[in-house]
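Computed from a predicted structure; not experimentally measured. Computed from heavy atoms alone, side chains included, the values below leave out hydrogens, waters and symmetry copies.
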There are 2 protein chains.
Amino acid sequence: MARSASAMRGQILESALRLFAVHGFRGTSLQDIASDVGCSKASLLYHFAGKEKIFTELLTPAQDALAALLDRVAGLEGGRLVEETVVGYVDLTLRFRREIRLLFEDIAEMSCHQDLNVIELADRLLDALAGRSQHPPARVAAWMVLGGVFITGATDDEVAPDEVLRAEMIRSALRTLDHTPS
Amino acid sequence: MARSASAMRGQILESALRLFAVHGFRGTSLQDIASDVGCSKASLLYHFAGKEKIFTELLTPAQDALAALLDRVAGLEGGRLVEETVVGYVDLTLRFRREIRLLFEDIAEMSCHQDLNVIELADRLLDALAGRSQHPPARVAAWMVLGGVFITGATDDEVAPDEVLRAEMIRSALRTLDHTPS
DNA sequence: ACCATAACTGTCCGATCGGTCAGAACTGAC
DNA sequence: GTCAGTTCTGACCGATCGGACAGTTATGGT
């Protein structure tokens, strides 16, 4: 064996990213990664100071890219600011799709392993939000609302009193869905 | 001791919800919950068949409420369908805010424990998306976009080819932010 | 061929966790 | 007071995990 150090590190990160994205961080043991790579658990700890260091190294590129984007738009304002930020942010989430996914698969695994069948409910909710349409624009917008409301409602950032928060979430969601409220 | 069974179950669920929402499901041990309740770990397992059963029982009301909402809007269509779904969904996320939060705190804890400082970056991103505005409507919309893009980009639901997905995410986000693209 | 160094591994350890079980403590009905 | 049934607990178990460490194997420069 004894591959080059950098190649080995790359293989470890690749396996870790794939396994984390399927079973989550805590749901993946060092032994799992070692087996996937084809080396011993001790070898992982020779190349990385600990399990968390692997995790950190996986997310650092995404973090750096986000920081770079924010620096890039720091000087802008008004329409240009918003547009560039949105486009850059969307591109980042697509580029680092797997890295983001690994953050959620911990949840996904938990929510499915038991009799909770959130998948089916999420699907029905998506259908309703899309107005039963199957067209990609409507589906994408429905996903945006599903995720946006979910996260915004759960945030502890006291952005506004609950009544205002509720009203603005509804208005924003309807805008997202391109739906002029009656 | 020997409280009434139902009162005990209530206390356990209350403590579990609070602890799960702070340290996450896997980050909270049965001993943690027992200490918080003021009983033994074995006592928890007398009232609940296992750790997952506690988790399930915590999320079941939210799941039932969502199912009820979907049944309620099942017969609607067009504008009424979308509006009622959005309002109902927003209300649900606010009502079950703590339950949703417990799903995420596993992530939050992970993302902060190391040198990754996602919080500061998320704050800067929020500012940019809101066009540096501090007004609640702009802030809420920025949160909706931040969460919506994050989740939509990470979903494995093949809703559209990547180019279409990207374009529609950008269009949706700009609509959410009430920003007419140039 | 030799050897210093890098790469790698088998084995062990302490800690933690979810869960079991026999029995103690408490309760209310009689 | 007695007793059956409910509630509760300390002690223990097996499994798993992240990590430490001494020792082995491969590598590349000389």
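The 5' end of DNA chain D is approached more closely, in terms of each residue's nearest nucleotide, by A:T28 than by the other of A:T28 and A:A42.
Summarising the geometry, the separation between CG on B:L44 and P on D:dG10 is reported as 12 Å, rounded to the nearest angstrom. The distance from atom CD of A:Q31 to atom P of C:dT9 is 11 Å, rounded to the nearest whole Å. Regarding B:L45, its CG atom lies at a distance of 14 Å from the C1' atom of D:dT7, rounded to whole Å. When the C1' atom of C:dC17 is taken as reference, atom CD1 of B:I54 falls 14 Å away, rounded to whole Å. Across the protein-nucleic acid pair, B:H23 atom NE2 and C:dT16 atom P stand 15 Å apart, rounded to whole Å. Following rounding to the nearest Å, B:F25 (CZ) and C:dC17 (P) show an atom-to-atom distance of 13 Å. As rounded to whole Å, 12 Å separates atom P of D:dC8 from atom CZ of B:F48. Between the CZ atom of B:R9 and the P atom of D:dC8 there is a distance of 12 Å, given to the nearest Å.
In this structure, CD in B:E120 is found 9.0 Å from CD in A:Q63, a value given to the nearest 0.5 Å.
Remark: the B:S6 side chain and the B:R9 side chain contain no N/O donor-acceptor pair separated by less than 3.5 Å. Residues A:D32 and A:S29 have side chains that bring a donor and an acceptor to within less than 3.5 angstrom of each other.
The side chain of B:S29 lies closest to C:dC17, out of C:dT20, C:dC17, D:dG18. Picking from C:dT20, D:dT9, C:dT9 the nucleotide with the shortest atom distance to the side chain of A:S40 gives C:dT9. Distance from the side chain of B:K51 is smallest for C:dG18 among the nucleotides D:dC8, C:dG18, D:dG19.
Residue A:H47 has a polar side-chain atom (N or O) positioned under 4.0 Å from OP1 or OP2 of C:dC8. In this model, the phosphate group of D:dT9 is approached by a side-chain N or O of B:S43 to a distance below 4.0 Å at OP1 or OP2. OP1 or OP2 of D:dT7 sits under 4.0 Å from a side-chain N or O of B:Y46.
Within 4.0 Å of A:L30, counting heavy atoms only, lie sugar-phosphate atoms of the nucleic acid but no base atom.
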Worked verdict on A:F25 versus A:K51 for side chain to side chain contact (heavy atoms under 4.5 Å, CB included)
CA-CA 9 Å; A:F25 177 73; A:K51 194 185 179 186; 4.0 Å; yes
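Aromatic ring centres of B:F150 and A:F96: separated by at least 6.0 Å.
Contact of B:K41 with C:dG18 (side chain to base): a donor-acceptor pair of N or O atoms is detected under 3.5 Å.
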